[in-house]
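Atoms within each ligand, like the ligands themselves, are counted from 1 in listed order.
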Amino acid sequence: MFSRISQLGARLLRETRAGNFSSSGNSLYQGQFSSLYRGQASRHSTPVRNTLFSTAASGDHDEKSQDKEKISVTFVNKDGTEQTIRVPIGMSMLEAAHENDIELEGACEGSLACSTCHVIVMDVNYYNKLEDPADEENDMLDLAFGLTETSRLGCQVIAKPELDGMRLALPAATRNFAVDGYVPKPH
Ligand code: FES
């Protein structure tokens, strides 16, 4: 190392004496710096490429894992037609229905002040997997049309993995007493 520095110093000295400092001296330094710069550039370029690849790969992975965090729910409309949608875990059936243009009213937007989000869980096994209804929900359900043993308010049914494959029927009529003053509102 020391001998290489000495050699460089001697060369510089010779070229300075010969009046070549500005041209060949620069090229000497350019050579040193450009190789240094290339070294840095190549060190930097590798992680950037890796970042790009890993971003694409993790994006793919995210999409798959996000889809795993959704369940399938089938809504059976009043006219008997069916619509199966993917519902993210944690989302209420009312929100999911609205996002997918399913005709579930939800007049009070989930504040337990109506029964227009009434849904009927078609399979009792799924009904039994739901959290027990709160008193407020039971009070509202008592006022719903077409109440069944497996009726729930859609805004209170929250998607969770065990509910994957659940089927919900929309009753033929709802009663929006909050707006109509207990007047039946057929659809
Ligand atoms: Fe009113 Fe569910 S939207 S109680």
Could you please tell me which protein N, O or S atoms lie under 2.8 Å from atom 1 (Fe) of ligand 1? Cys108 SG, Cys114 SG
Does atom CD of Glu109 have more than 12 heavy-atom neighbours, drawn from other residues, nucleotides or ligands, at distances under 6.0 Å? no
Please check if atom CD in Glu82 has more than 12 non-hydrogen atoms from other residues, nucleotides or ligands closer than 6.0 Å.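 Above 12, so yes.
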Give, for atom CZ of Arg167 and atom OG1 of Thr84, the distance between the pair rounded to the nearest 0.5 Å.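 Taking CZ in Arg167 and OG1 in Thr84, the distance rounds to 7.5 Å.
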Report the residue from Leu147, Leu168, Leu170, Thr150 that forms a side chain to side chain contact (heavy atoms under 4.5 Å, CB included) with Ile120.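 Going through Leu147, Leu168, Leu170, Thr150 one by one, the side chain to side chain contact (heavy atoms under 4.5 Å, CB included) with Ile120 is satisfied by Thr150 alone.
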Partner residues of Ser72 under the side chain to side chain donor-acceptor pair (under 3.5 Å) criterion, sequence neighbours left out: Arg86
Just do the side-chain contact (heavy atoms from CB on, under 4.5 Å) check on Lys129 and Met166 with the steps written out, would you? CA-CA 10 Å; Lys129 291 176 185 174; Met166 179 171 64; over 6 Å; no
